[in-house]
Structures are given as structure tokens and as C-alpha cells.
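Notes to accompany the following structure.
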Amino acid sequence: MELLGKRIVLGVTGGIAAYKAAELVRLLIKQGAEVQVAMTEGATHFVTTTTFQALSGKSVFTDQWDARMPNAMAHIDLSRQADLILVAPATADFMARVAQGLADDLLATMVLARDCPLLLAPAMNRQMWESPATQRNVTQLAADGVQILGPASGEQACGEVGAGRMLEPAEILEAVLAFFTPKVLAGKQVLITAGPTFEAIDPVRGITNLSSGRMGYAVARAAQQAGAKVVLVSGPVCFSAPHGVDRINVRSALDMHAAVMARAAAADIFIGVAAVADYRVANRAEHKLKKDTGGVPPIELIENPDILAEVARLKDGPFCVGFAAESQNLDAYAQAKRRKKNIPLIAGNLIQDGFGGDDNRLVLFDDAGAHPLNPAPKSVLARQLVEHIATLTGKN
Ligand code: PMT
């Protein structure tokens, strides 16, 4: 419920992507937002007002002269109540009208009369997007402080391929969440590891662990939404990178070590969330091990480099944050890891709380002692961790 208490006017204009706005309403409401839909006349040719009314639980407005507004000022009343106006999809025509300050229908009038921020998610044919007129309008809108989300590239409804597709509803939701997040890490470069590593025994087998990557991906997303430029070095997981995060895929601890060390000097903050294998296989077989060769194949282990400790030793290196997953004695073991790796902050979690699921329970340990956080979804804990990091790095 990251948008609890936020009032969002969702403007829908007349393009085929209007059907995706229905899913967007559902996602915004799931996060606790109050959504008021306003449609252009064109949009009603693609999706009915009934669809949006059913999903938002509110009457949908399409007409400037709507008799439901006792003072006949729908444009003022609706936009004054909003924390944000989001128009998705925004057609080329609608963007042109907003850029020109036209007020020739309810939605355009609301946009002109607003005293809240405006986000537009363009959706149009690639030639319309690339046309000099649209690009002029985009430049003008950006100069007027309007945030443009996308568009994405890919196959279009008209059969052409190129830039102009509306971002997916989940991506627009991420942009809205980012919009409401205080930018406590603005200007910072944050390097994060996430997920498990995979240490090969032979070409098909390996040693790994049960880290899903959820915690690390949540931290990456929270840092990105807090204004940081985020690079995520990820072991094998089944998620796509959070919107706006630069992901580097790795498999083994050695791969992760190389990817991190190549980028650590440029980072302001390094957060090691990955469950990195402490050991790799020294006698990795080039070919698949056969069962019937007599006896159990011996597996020799050799220690992996400690990535976090190595980054923490860098001269003028980033502010380092570790994670510690323990099955007992969380405080003592996590604090001991913090001291051993010589890092200012470590987030401790119990294995039964942290591995795999959507929720977790974290205790943050720093020079001031232990800061237990309430059990919560990993997304919420990640935001609290980011705020704690921002406070500590702000003091440096
Ligand atoms: O992915 P999820 O399913 O969401 O689960 C999240 C998590 C439980 C994996 C995560 O919250 C967590 O606790 N990650 C750290 C796991 C751990 O116990 O790591 P460790 O004790 O082996 O290492 C301590 C710290 O050193 C960690 O920051 C780790 O990334 C880092 N490390 C460890 C070994 C190594 N060779 N290099 C490292 O950088």
C-alpha cells in the first residue's frame, strides 16, 4: 500500500493503449491510491466509462459540462483534489494540446487548471512520435516541468516496429511510486549485489543456495526510486530488473567479484545483499560426471574472495552495507560480521524470515547499535534501509 492516501487523476486519451489503462487503475488502487478517471471523448471509443467506473469505484468524467458538478466547474474541482495527474495513454494530439495550453475538453482543461504535477505516458505510432512537431511538443512539455514516461520501443498495434508504445502498466506504476518517493539518494551511484551464486561442479551441476533475489531487487528498486543511479549485479534469479536499474547478470562468485570490483571505485554506496557462496569447486569437471565410473566423485572446495570485505578495503571506496543471514544469535553474529568486514552498516535477518518469501524482518546494526525494523514486505524494509543509509551518508 505504497500509495495510501494519494489522490491520482488518471486521464485516458484516445489510443489503442487505453485498454491497458484499465490494468493501471487496478495496480494503482492495489497500492492504496484513490483514482479518479477522466476520459477524452476519443478514449471512450476504445474502452467504456463503465470499465473504469467498475475498477475505480468512482464515476468517470468525460464532459466539461457534466451536470454532476453543482458549480459546473468539473475541471477545477477534480484537479484541485489531486496529488498528481497522470495521463496514460497520452496521444500525440493530447500532448500537442497540452503543450499549446489549449483547454478544449475536460481533460485538457483540468491539466491547464491544475496545481499538481503532471506525468504523461505517450502512446502513438512511431512516425507520429518521431515527427518534428511531436518532438517539439515533448521538448516544450519537459521545459514546462511535465514528466514524460517512455515511450517504449517494440511492435506496435499498426504492425510497425519502433518507439511509441506506451510503457506497460507495471512500469508506469513504478514511475508513479518513484515520483512520490523522497529523493534522499539523489546524485548518488549505488552498486548492489543480489540473489545467489552458482558454483559449477560440471557443465550441468552446481552448488547454489535458496536466495530468490527478492531482497536485493527490492533494495535496488528503493534506491532507484530514491533518486540514485543503480547498478545491480545479479546472480541467477527469475525477475526482470526494476525499472530504471542497470542490471549485470553473473553466475559464480568469481563473476560477481569481477563485476563488482570493476565498478566499485565509481560507486558512492555499495550494498551486498547477495548470498555469495563462500566456496567454489576447485576440481570442476570439464565434461559431465558419469555415475558408473566407480565410487562417489570427490568435490574439492576452495574459498571464494570476500567481495564486500574487499570493497570495504578500497581507499576512498564507497560507503559499504552488508547483509547477514543467520539461523541463531542474530545480534552477536551480525555485529561480528560488521566488525570483521570493517563496514559501517549491516542488515541482519534470520534465515527463516528472510530467505525466499516476500516479507522479512531486519535489524540494522551500525556504530549507534541495533535498530530493529518491524516485520514487513521486503519493498517496505528496503525503503527503510535506504532512508537509514541516506541518514548515515548525509552525516559523512
Ligand atoms: O534473496 P532473498 O530470497 O530475498 O533472501 C535475502 C537474503 C536472506 C539472501 C538477504 O537478506 C541476506 O541476508 N543476504 C546475505 C546472506 C549472507 O548471510 O551472507 P554472508 O553471511 O555469507 O555474507 C555477509 C555479507 O558479505 C553479505 O553482504 C554478502 O553479500 C557478503 N559476501 C559474502 C561472501 C562473499 N564471498 N562475498 C561477499 O560479498
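Note that ligands are numbered from 1 as they come in the structure, with each ligand's atoms numbered from 1 the same way.
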Quick one: which of G213, G348, A325, P305 has a heavy atom closest to atom 17 (C) of ligand 1? A325
Any side-chain donor-acceptor pair under 3.5 Å between S234 and Y217? yes
So between Y217, F270, F355, F323, whose heavy atom ends up nearest atom 15 (C) of ligand 1? F323
Could you identify the single nearest non-hydrogen protein atom to atom 37 (N) of ligand 1 and state the distance to 0.1 Å? I307 N, 3.1 Å
L308 N/O to ligand 1 N/O under 3.5 Å: yes
What protein heavy atom lies closest to atom 13 (O) of ligand 1? Include the residue and the distance to one decimal. N349 ND2, 2.9 Å
Ranked by distance from atom 28 (O) of ligand 1, the top protein heavy atom is G272 O, 2.6 Å
Is it the side chain, the backbone, both or neither of K337 that has a heavy atom closer than 4.0 Å to ligand 1? side chain
Which heavy atom of V60 sits nearest a heavy atom of Q36, and at what distance? CA-NE2, 4.2 Å
Heavy atom of the protein closest to atom 30 (O) of ligand 1 (residue, atom name, distance): A274 O, 2.7 Å
In ligand 1, the atoms that come under 4.0 Å of a heavy atom of S212 are 1 (O), 2 (P), 3 (O), 4 (O)
Does A275 reach ligand 1 with a nitrogen or oxygen that is under 3.5 Å from one of the ligand's nitrogen or oxygen atoms? no
Donor-acceptor check, side chain of R280 to backbone of E303, threshold 3.5 angstrom: yes or no? yes
Will you find, in the side chains of D306 and H257, an N or O donor that is under 3.5 Å from an N or O acceptor? no
Considering only NZ, NE, NH1 and NH2 on the basic side and carboxylate oxygens on the acidic side, decide whether R338 and D366 come within less than 4.0 Å. no
Counting only N and O atoms by type, is there a donor-acceptor contact under 3.5 Å from the side chain of D255 to the main-chain atoms of R251? yes
Answer yes when R165 and E155 have at least one side-chain N-carboxylate O distance shorter than 4.0 Å, and no when they do not. no
Ligand 1 to G195 polar contact by distance, N or O atoms, under 3.5 Å: no
Salt bridge check: are E34 and K6 linked by an N-O gap of less than 4.0 Å? no
Starting from atom 9 (C) of ligand 1, locate the nearest protein heavy atom and write down its residue, its atom name and how far away it is, to 0.1 Å. S211 OG, 3.8 Å
Check if K378 has a non-hydrogen atom at a distance under 4.0 Å from any atom of ligand 1. yes
Proximity flag E310 to ligand 1, non-hydrogen atoms under 4.0 Å: no
Counting only heavy atoms closer than 4.0 Å, does ligand 1 sit against the backbone of D306, its side chain, both, or neither? both
Which one holds for E326 and ligand 1: side chain close, backbone close, both close, or neither close, with close meaning a heavy atom under 4.0 Å? neither
Is V146 reachable from L167 through a run of I, L, V, M, F, W or Y residues, each pair having side-chain heavy atoms under 4.5 Å apart? no
Under 3.5 Å, is there a donor on one side chain and an acceptor on the other for Q224 and H243? no
Take a 6.0 Å sphere around CZ of R361 and say whether it holds more than 12 heavy atoms from other residues, nucleotides or ligands. no
Looking at R214 and G356, would you say the former's side chain and the latter's main chain have a donor-acceptor pair under 3.5 Å? yes
Atoms of ligand 1 close to G322 [distance to a heavy atom under 4.0 angstrom, numbered from 1]: 28 (O)
Quick one: nearest non-hydrogen protein atom to atom 6 (C) of ligand 1, plus distance? M215 CB, 3.6 Å
Show your reasoning for whether side chain to side chain contact (heavy atoms under 4.5 Å, CB included) applies to E130 and Q135. CA-CA 6 Å; E130 285 162 10; Q135 289 307 309; 5.6 Å; no
Protein contact to atom 32 (N) of ligand 1 [nearest heavy atom, distance to 0.1 Å]: K341 NZ, 3.8 Å
So for D278 against ligand 1, with non-hydrogen atoms under 4.0 Å, the contacting part is side chain
Within less than 4.0 angstrom of ligand 1, does G216 place any heavy atom? no
Shortest protein contact, atom 5 (O) of ligand 1 (heavy atom only): G354 O, 3.3 Å
